[in-house]
Amino acid sequence: MAGSIYDHLLSNGVTRRSFLKFCSATAATLGLSSSMVPRIAEALEKKERPSVVWLHYSECTGDSESVLRASKPSIAQVILDIVSLEYHETIMAPSGHAAEKSLHDIITKKKGKYIAVYEGAVPTKDGGIYCFIGGHTAIDSCKQVAAGAMANIAVGNCACFGGIAAASPNPTGCKGIQDIIGGTVLNIPGCPMNPENFTAVIVHLLTFGSLPALDSLGRPLFAFGKLIHNNCERRPHFDQGQFVRQWGDMGHRLGWCLYEMGCKGPMAFQNCPTIRWNEGTSWPVQAGHPCIACATPNNWDDAYPFYKRLEGLPGVGWQANADKIGLGIAVGTAAAVAAHGAIRAAKQRKVPKDDGEGHE
Ligand code: SF4
């Protein structure tokens, strides 16, 4: 079909083989069986690229960077190619009144047909004076855009839950998008969000005509339904009581568990261990850094200090926000963590002595 997503990909040098590879990878990210790959391919062959309005509020543009940065034209390129990014304050050509006109044209002429993507928290204190775009507060801006959107998607922890902008003492009264516009907002948290989860959400919307199943925090279950701790490649070391105790020690070099160094994987839900980052290259824990629960509400307050060992059960806030199934896993895991801590303390298991050369 002329003008379809597939045509656009072909005209931009994407081969049929790469296209089908992308469909397979996206089906896997969505947790769908390989039998759904033809259906995804068919949808992308027939559907036109959806218009996207991407707004920025109190944030660092890390989520845009996450989507835009790629070492080679692969998945990140495809993400940009399957949508028509018609308004994005950081990368679009128009500025000033021309930019304002672009936004106005989209939300009036494409009412009910565009996807609104929000990056950043919304300052609400003192009438919202701490974030103005084109003479409008962020509060008015997102309400206006959300009213005509076919879907509202918040990307990054700030847009989803307030993020670092809302961390104590939250001087500008920042809130997540859902708290401002109400209704259904699909949250793809993370600091930044993983662009492959964003692509998978768009592909799901195009293929099935609906958003994927969400948890109680508005996060897609395919991406946020599993505990990081249960899928972590360092988990066997946790089970064996093999912990990193100091940065650069022997355990750290051998890829042991980062729990003692403050890892919040036992309380965090996201698919980082399976889809990873930078085109599947790695993820923070694989690279040797503890998880900071960046896709969890209030992580900048509740998971802080990031390098302090998680003590016993997760705090009440974490549990109150977890799904029922997640709660069970989290409590079970936390109990296991506590038990491990006790066993480990009793055994006083030692990390092999480091001679500085990587030998015991
Ligand atoms: S505590 Fe962290 S590093 Fe250790 S197994 Fe769990 S998620 Fe992985």
Side-chain angles (χ1 to χ4, degrees), residues 157 189-194 196-197 215 217 219 221-278 280-300 302-315 317-319 321-323 325-352 354:
N157 201 316
C191 193
M193 67 132 174
N194 193 313
E196 292 188 40
N197 288 333
D215 69 9
L217 295 172
R219 306 178 299 186
L221 278 168
F222 73 82
F224 299 93
K226 290 181 180 164
L227 199 65
I228 285 182
H229 184 64
N230 288 348
N231 292 288
C232 177
E233 65 260 36
R234 294 181 188 241
R235 178 59 187 267
H237 296 294
F238 175 89
D239 293 337
Q240 292 295 318
Q242 295 174 324
F243 300 104
V244 176
R245 306 281 176 80
Q246 210 177 341
W247 301 118
D249 71 9
M250 177 63 80
H252 200 208
R253 294 181 201 178
L254 292 173
W256 286 7
C257 174
L258 295 160
Y259 169 66
E260 292 282 345
M261 303 304 286
C263 186
K264 305 301 184 291
M267 57 165 43
F269 291 80
Q270 197 172 180
N271 54 359
C272 303
T274 47
I275 65 168
R276 303 183 182 184
W277 294 80
N278 298 323
T281 305
S282 186
W283 67 292
V285 166
Q286 183 181 347
H289 192 278
C291 167
I292 62 168
C294 70
T296 309
N298 307 318
N299 79 307
W300 289 94
D302 295 350
Y304 201 80
F306 293 145
Y307 301 121
K308 186 169 180 281
R309 177 185 155 185
L310 187 63
E311 296 293 345
L313 289 170
W318 301 98
Q319 293 176 52
N321 287 321
D323 271 353
I325 184 167
L327 174 62
I329 295 169
V331 171
T333 307
V337 169
H340 254 285
I343 293 166
R344 187 197 47 72
K347 287 185 176 174
Q348 282 295 307
R349 189 186 181 99
K350 287 184 178 173
V351 175
D354 187 352

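In this text the structure is predicted, and so the values were computed from the model without any measurement. One-based numbering, in listed order, for ligands and for the atoms of each.
The number of heavy atoms from other shown groups lying within 6.0 Å of CZ (Phe306) is above 12.
For atom 4 (Fe) of ligand 1, the set of nearby N, O or S atoms under 2.8 Å includes none belonging to Cys232. Atom 6 (Fe) of ligand 1 lies at 2.8 Å or more from every N, O or S atom belonging to Cys263.
In summary, the atoms of ligand 1 found under 4.0 Å from a heavy atom of Val285, numbered by their order in the structure, are 3 (S). Within ligand 1, counting atoms from 1 as listed, the ones closer than 4.0 Å to a heavy atom of Arg235 are 5 (S). Close approach to Gly265 involves these atoms of ligand 1, each under 4.0 Å from a residue heavy atom: 7 (S).
The single protein non-hydrogen atom nearest to atom 3 (S) of ligand 1 is Leu258 N, 3.4 Å, given as residue, atom name and distance. Protein heavy atom in closest approach to atom 4 (Fe) of ligand 1: Cys257 SG, 2.4 Å. When hydrogens are left out, the protein atom nearest atom 6 (Fe) of ligand 1 is His229 ND1, 2.2 Å; that is the closest non-hydrogen contact.
With 3.5 Å as the limit, one finds a donor-acceptor pair spanning the side chains of Glu233 and Trp283.
Put simply, the residue from Asn197, Asn231, Asn194 that forms a side-chain hydrogen bond (donor to acceptor under 3.5 Å, both in side chains) with Asn271 is Asn197.
Between Tyr307 and His289, the ring-plane angle classifies as perpendicular under the 30° and 60° cut-offs.
Between the Arg309 side chain and the Gly262 main chain, no donor and acceptor come within less than 3.5 Å of each other.
Atom-to-atom distance recorded for Gln242:CD and Trp256:CH2 is 4.5 Å, nearest 0.5 angstrom.
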